[in-house]
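The block underneath contains the structure these notes are about, expressed in structure tokens.
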Amino acid sequence: MQFTAKDIAFMLNGTVEGDPLAVVNHLAKIEEGTAGSLSFLANPKYEQYIYTTNASVVIVNHSLELTASVKATLIRVENAYTSFSLLLEQYNTIKLNKTGVEEPNFIHSSAKVGAEPYIGAFTYISQDAVIGDNCKIYPGCYIADNVKLGNNVTLFPGVKIYFDCVIGNNVVIHSGAVIGSDGFGFAPNADGSYKKVAQIGNVIIEDNVEVGSNTTIDRATMGSTIIHKGAKIDNLVQVAHNVEVGSNTVIAAQSGISGSTKLGERIVIGGQVGFAGHLTIASGSQFGAQTGINSSIKEENKQWGGSPHLPVKDYLRAHVNIRRLPDLEKRVKELEDIIKELKKKGD
Amino acid sequence: MQFTAKDIAFMLNGTVEGDPLAVVNHLAKIEEGTAGSLSFLANPKYEQYIYTTNASVVIVNHSLELTASVKATLIRVENAYTSFSLLLEQYNTIKLNKTGVEEPNFIHSSAKVGAEPYIGAFTYISQDAVIGDNCKIYPGCYIADNVKLGNNVTLFPGVKIYFDCVIGNNVVIHSGAVIGSDGFGFAPNADGSYKKVAQIGNVIIEDNVEVGSNTTIDRATMGSTIIHKGAKIDNLVQVAHNVEVGSNTVIAAQSGISGSTKLGERIVIGGQVGFAGHLTIASGSQFGAQTGINSSIKEENKQWGGSPHLPVKDYLRAHVNIRRLPDLEKRVKELEDIIKELKKKGD
Amino acid sequence: MQFTAKDIAFMLNGTVEGDPLAVVNHLAKIEEGTAGSLSFLANPKYEQYIYTTNASVVIVNHSLELTASVKATLIRVENAYTSFSLLLEQYNTIKLNKTGVEEPNFIHSSAKVGAEPYIGAFTYISQDAVIGDNCKIYPGCYIADNVKLGNNVTLFPGVKIYFDCVIGNNVVIHSGAVIGSDGFGFAPNADGSYKKVAQIGNVIIEDNVEVGSNTTIDRATMGSTIIHKGAKIDNLVQVAHNVEVGSNTVIAAQSGISGSTKLGERIVIGGQVGFAGHLTIASGSQFGAQTGINSSIKEENKQWGGSPHLPVKDYLRAHVNIRRLPDLEKRVKELEDIIKELKKKGD
């Protein structure tokens, strides 16, 4: 993709200062700009770079006052940050704007595919699956029997969705994520071996959810594992059977939620956090990275840290205290010596 | 799938009370039953729901005595729980009862495939691979040169098995799991860079093992990484080179076992647990979630927690003590003040 | 593959003692050798096994003096360890020496593929992708628009690389790894929901890097997530957007690095370690397993442990102190009792 300064000014309703035919073919930070870069300047902190950048074109505020000459072609707009964000989104949309049905693919005759799909090669859509409108299903995805996808769903390459799962509208699932694999349920036999408990529920992912790469979300034993609308889940996260993740809850990478735990809404979870099973976690809770939660949390909007979890202040104070332990021991030793001395005198 | 109450009663050798033509097409908990649901009632605690459920058909014990009228059609059996479990399994079996060889696929002319296979489209079976009888290999799997699969093996979509690995009978491997990738072995060069140590061993997975989604099991440097029979491994688990996992050992999600560590039998490992390398862990050990094990364990059947690991009681006591630290400091301060006072008097 | 003792002696420039026609078809440790095994003896500690091994052929040092008869055919060389390592590498090279382009595949007409490729079936190479010489791309890989691969790159089955990413020479990426998925960036809306921040940067992986199975490396929001040359990354590792991993840095399994953190060179990171975002970590730092790093580290070549991280000595001492806490409490209690007694007397 290539654009001239003039093209971009037209898209952003801006004005060109410099060469209107300056060509850009990629985006870059102003301090990292090279020939062909399109950059922006919004934060006054970075103003110095406008005079040194090698970017070919820079989007700036109408209000910017120059104090020296600049090499780059400028595009002046009302709000450089907003204009640049708009371009980012448009760039992304163009990059991801695949359409058509590629060969070879496997689409079962009973499957229904909506309007304007992109279906990449080597994708498998099984019996009775239903795909909504404007879905983008990249190469090598697997959509099992009876799976339902809403509209505007994007599945990046190699996503696998097991049978009976239901995916809402505007859901994005990244490469290698697995939706609906068996919950980890085994009943012990008398001889120490285990018998599998059949996992016949499903996974429901509501509208506007994003799921990261290689994340795993297990189907319910019975009923549904549910990711409520607007939740955002990062890479390599484990969501066990019968879990519920509340609306607009955010889960950072490598965190895990054990079976049947219910997370409320607007929860924020750092990386590598673990929840035990069968807990209920109040809405608005926030968890620092590597927190281990082993009991339910009833009060909303509190911050937690440590393993097992403590209120974040207590957790931080405990760590300060642990570092002061050698000092405390020394003080106790001194007291003991004084007492010994006092007792000797007293005798 | 649709069944009438009469069909189900026939399968379970039960008797119908109500409409024998009542139709069900899915399974649900009695308290969540809707029209078309098949539910069961075994636990007296849930007896109240028999009068309010919207399930169309409910399996109940012969011994159940009703105290009011019920809407649902009942199927009376000797043991409602056992009968329902049987149905779950049959349901699962039907759901997963794929057969035949789909196109396109890649099966090397030297590979041998046993009786009654399911081989999904886009699956790759390489040179000299041997697949036993009644195996189900879902779409997009990769089976490398010289891999052996036993009978009744299920590989869900996108499982990858590197060359020379050996998989026993009745093994289930979930989507995205990788078996036999290179162990993480690098020898430092004089200039600070690393030279790869060739990883030429394999992975052996014995009978009745289940492996979760996106779990990784590395091949041995030499010899074999071995998962012994009946072990159950959850999602996103890391098993490093030359590890052995004992029979009927259970490993929850996101745990990791470093190189050459040997786990005994019947061990139970919570989520996000980590084992250092070259350890030997006694059979029957149990590890709480997020435990970090940095030395071998010789005594069998003990419970452990914390990082580094402690006997679980010591670990819990340590955490209580940490929370009491501010109080302890206060007490020491008080003692210091008294001593100062006493010394003053004594002077 | 099958070789005679004579073949191997020829390859290693060694001399045969015993049957030159003894046949081997696999490699094994000397203590685990069976008929058909090729083993080696270098460490005097294992010398006893030369008299009992069932291996058919054993590579030994010229200097080895036998004190009893041996069953195995011996191949005498200058340095048995070096010779065996050489064989391992050659074995591996042969095992992985796939060539040719298998069908079906999807290679866009605008993609460029270098000399001597292996391209497995079901692999997808998209628009404007450029693949260097001598690359091995196993079945089911996905290479998006405009991706560049250097020479001698190996992608094991099911690797996915998103658009615009750049991979250097001699890079090895294991099965299921995802390179270039979206960074986890969401801006809160007034109503508590989140708006996605477009992620339009890429991932750059420099020469001689190895990436483990099911590891995820996210693209930068803008600019590049960079893995510098010679870094080695194990399985199930998370590398977030805009991270930089320095040259020859080694990251063990299940570790995670949050957004914009810069790791220096020659860092060694144990398993399940987590780094907070926006940190700078000095070269040569070493981190024990499960360390949690929540602030930048400026001093080079130090060792760290615990969560939050401490110098490893302080971390270990803190753990000793925690275990001594019940004892410390007892001592304080004793002091309190004595003081009470003293004060009584004093009154």
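Chain letters run A, B, ... following the sequence lines, proteins first and then strands; every chain starts at 1. All figures in this text were calculated on a predicted structure; none of them were measured in a lab.
The residue among B/Ala231, B/Gly271, B/Pro326 with the most heavy atom pairs within less than 4.5 Å of chain A is B/Pro326. Among B/Leu96, B/Asn214, B/Asn208, B/Leu88, the residue with the largest count of heavy-atom pairs under 4.5 Å with chain A is B/Asn214. Interface check for chain B: of the options A/Gly306, A/Gly183, A/Ser255, the most heavy-atom pairs under 4.5 Å are formed by A/Ser255. Heavy-atom pairs under 4.5 Å with chain A peak, among B/Glu329, B/Lys98, B/Glu103, B/Lys229, at B/Glu329. Contact tally against chain B (heavy-atom pairs below 4.5 Å) for A/Gly256, A/Ala318, A/Ala240: the top residue is A/Gly256. Heavy-atom pairs under 4.5 Å with chain A were tallied for B/Gly230, B/Ala121, B/Gly270, B/Ala252; the largest tally goes to B/Ala121. With chain A as partner, the option from B/Ala253, B/Gly288, B/Pro139 having the largest number of non-hydrogen pairs under 4.5 angstrom is B/Pro139. Between chain A and the residues B/Glu102, B/Lys29, B/Lys333, the largest count of heavy-atom pairs under 4.5 Å involves B/Glu102.
Using a 4.5 Å cut-off between heavy atoms, A/Pro308 touches chain B through backbone and side chain atoms alike. Interface residue A/Asp182: backbone and side-chain heavy atoms are both found under 4.5 Å from chain B. Interface remark: A/Leu236 contributes backbone and side-chain atoms alike to the contact with chain B (heavy atom separation under 4.5 Å). For A/Gln199, the part lying near chain B is the backbone, with the side chain staying farther off; criterion is any non-hydrogen pair under 4.5 Å. Using a 4.5 Å cut-off between heavy atoms, A/Val273 contacts chain B through its backbone alone, with no side-chain atom that close. Contact annotation for B/Ile339: only side-chain heavy atoms (C-beta onward) come within less than 4.5 Å of a heavy atom of chain A. For chain A, the nearby part of B/Gln272 is the side chain; its heavy atoms alone come within less than 4.5 Å. A/Tyr142 touches chain B through its side chain: at least one heavy atom from C-beta onward sits under 4.5 Å away, while N, CA, C and O do not. Of the atoms belonging to A/Ser213, not a single heavy atom falls under 4.5 Å from chain B. Neither the backbone nor the side chain of A/Ser224 comes within less than 4.5 Å of any heavy atom of chain B. There is no contact between B/Val237 and chain A, counting heavy-atom distances below 4.5 Å. Contact of A/Asn321 with chain B is made through backbone and side chain together, with heavy-atom distances under 4.5 Å. Proximity to chain A (any heavy atom under 4.5 Å) is restricted, for B/Pro104, to the side chain, taken from C-beta onward. For B/His319, the part sitting under 4.5 Å from any heavy atom of chain A is the side chain, from C-beta outward, and nothing else. With a 4.5 angstrom heavy-atom cutoff, A/Val197 does not touch chain B via any of its atoms.
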What verdict does the ring-ring contact (aromatic ring centres under 6.0 Å, His included) test give for B/Tyr138 and B/Tyr118, after you've listed the backbone C-alpha separation in whole Å, the side-chain angles of each residue and the deciding distance to 0.1 Å?
CA-CA 7 Å; B/Tyr138 280 75; B/Tyr118 168 57; 5.3 Å; yes
Give the intermediate values and the outcome of side-chain hydrogen bond (donor to acceptor under 3.5 Å, both in side chains) for residues A/Asp145 and A/Ser126.
CA-CA 5 Å; A/Asp145 296 0; A/Ser126 200; 2.5 Å; yes
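Closest of all the heavy-atom pairs between B/Asn301 and B/Arg266 is OD1-NH1, 3.8 Å. Taking each heavy atom of A/Asp164 and A/Val147 in turn, the nearest pair found is N-CG2, 4.0 Å. Pairing each heavy atom of B/Ala28 with each of B/Gly33, the nearest pair is CB-CA, 4.2 Å. Scanning both residues, A/Ser307 and B/Gln290, for their nearest heavy atoms gives OG-OE1, 2.6 Å.
For the pair B/Arg323 and A/Tyr315, the cation-pi criterion (under 6.0 Å, within 45° of the ring axis) is not fulfilled.
Rounding to the nearest 0.5 angstrom, the gap separating the OG1 atom in A/Thr123 from the CD1 atom in A/Ile143 is 6.5 Å. To the nearest 0.5 Å, the span separating CD1 on A/Ile293 from CD1 on A/Ile281 amounts to 6.5 Å. Distance CD1/A/Ile251 to CD1/A/Ile233: 4.5 Å, rounded to 0.5 Å.
Atom OH of B/Tyr46 is surrounded by 12 or fewer heavy atoms from other residues, nucleotides or ligands within 6.0 Å.
Looking at B/Asn79, its side chain does come within 3.5 Å of a backbone N or O of B/Tyr81 through a donor-acceptor pair. Listed for the A/Lys160 side chain is a donor-acceptor partner under 3.5 Å among the backbone atoms of A/Gly158.
Taking the centre of each ring, A/Phe106 and B/Phe122 stay at or above the 6.0 Å mark.
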